[in-house]
Amino acid sequence: MNFTILRFDSIESTNAEAARQAKAGADEGVCVVARRQTSGRGRHGRIWISEKDAGLYLSVVLRPRIETRFLPLITLMSAVAVYDALVALYRLQPDIKWANDVLINEKKICGILAEMTETKTNSAIVLGIGINLTSANFAPEIAETATSIERETNHKPDCEMLLENLLGQIARRYEILKNDDGARRTREAWARRSSYHDGKNVRVAAAGNETITGTTCGIEPDGALRVLTGDGAIKIVRAGDVERLRAV
Ligand code: BTN
């Protein structure tokens with residue numbers, strides 16, 4: 001995949017801009033990067049605080065020709081790409097919390113929001129990634145639960161180097177996903193990097209106000225999380241927030 005990078009000093013949301021570009025016919029690989037977002041979007045309608053130069057904020061337009069049922073694997077693939085960039089550049093030891101939060105020592109360093117958007121030719125996916133570069137100005141509401149590359153390495157990272165490495169990892173993972181056995185390889189890559197894949201005690205705030213408590217036991221072909229509950233049932237989670245439960 002060839003990337004075309006569109007840079008903004010300040011923008012409402014790189015996801016919103018990438019969706020606009022996709023609707024206007026942008027090719028796969030158009031990538032919107034901003035130094036600051038005034039209305040950064042998180043999952044489940046939350047906001048993603050995006051102070052100037054405190055994070056890498058980017059959104060890539062994808063036009064995936066893969067089976068529709070495997071589209072959720074794009075978010076898993078992206079978490080793998082971020083994980084590998086953090087290892088390659090900073091020798092960090094990340095973890096991936098289902099589905100696609102990248103953590104360091106259980107604190108969130110990256111969030112991913114993939115959004116589908118209808119365009120004239122086909123539906124496109126806007127893959128939005130926010131990576132915390134520095135925590136100097138973390139808002140109080142995330143200070144305890146988030147971390148940054150600077151905090152973990154004691155050095156302010158070079159944003160351009162991170163962008164370049166990350167786009168390379170995304171391109172590689174995307175090519176793999178498009179192969180005949182790409183779904184399986186993507187799931188395996190994710191499973192190897194996520195301690196949440198198996199045997200983790202969790203509480204899941206799932207869609208429809210349902211709370212599921214149990215132990216994770218792998219993922220479904222489309223990346224949905226399997227949770228074994230106390231009564232021996234396996235619940236399949238396709239959307240929700242996962243929280244780790246500690247033994248008391
Ligand atoms: C999450 O809630 O964990 C997902 C956060 C995704 C944030 C990124 S920052 C770049 C892109 N543009 C947005 O508005 N959101 C994503």
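Indexing begins at 1, ligand by ligand and atom by atom, following the structure's order.
Less than 4.0 angstrom separates some heavy atom of L58 from each of these atoms of ligand 1: 10 (C), 11 (C). The contact set between ligand 1 and S59, taken as ligand atoms under 4.0 Å from a residue heavy atom, comprises 11 (C), 12 (N). Counting the atoms of ligand 1 from 1 in the order shown, those under 4.0 Å from a heavy atom of S13 are 12 (N), 13 (C), 14 (O).
Ranking the protein heavy atoms by distance from atom 2 (O) of ligand 1 puts R43 N, 2.7 Å first. Looking only at heavy atoms of the protein, atom 5 (C) of ligand 1 is closest to W48 CE3, 3.3 Å. What sits closest to atom 11 (C) of ligand 1 on the protein, heavy atoms only, is T14 OG1, 3.2 Å. Counting protein heavy atoms only, atom 6 (C) of ligand 1 is closest to R41 O, 3.5 Å. Nearest protein heavy-atom contact of atom 13 (C) of ligand 1 is Q37 OE1, 3.4 Å.
The heavy atom nearest to atom 8 (C) of ligand 1, out of those in G40, A114, G130, C110, is found in G130. Of the candidates I112, L127, I131, the one placing a heavy atom closest to atom 4 (C) of ligand 1 is I112.
A donor-acceptor pair shorter than 3.5 Å can be found between the side chains of R63 and T119.
Side chain of S148 to main chain of N132: no donor-acceptor pair is present (N/O by atom type, distance under 3.5 Å, no hydrogens or angles). A donor-acceptor contact shorter than 3.5 Å links the side chain of R43 to the backbone of G240.
The side chain of K108, and not its backbone, has at least one atom closer than 4.0 Å to an atom of ligand 1 (non-hydrogen atoms only; side chain from C-beta on).
R238 is linked by a salt bridge (Lys or Arg N to Asp or Glu O under 4.0 Å) to D222, counting only residues two or more places apart in sequence or in another chain.
You'll find the side chain of L6 stays beyond 4.5 Å of the side chain of C31, heavy atoms only. Looking at E51 and R36, their side chains never come closer than 4.5 Å, going by heavy atoms from C-beta outward. Looking at heavy atoms from C-beta onward, W98 lies out of side-chain contact with S194 at the 4.5 angstrom threshold.
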Next item on the list: Please test V102 against I109 for side-chain contact (heavy atoms from CB on, under 4.5 Å), starting from the C-alpha separation and ending with a verdict.
Entry: CA-CA 6 Å; V102 182; I109 198 163; 4.0 Å; yes
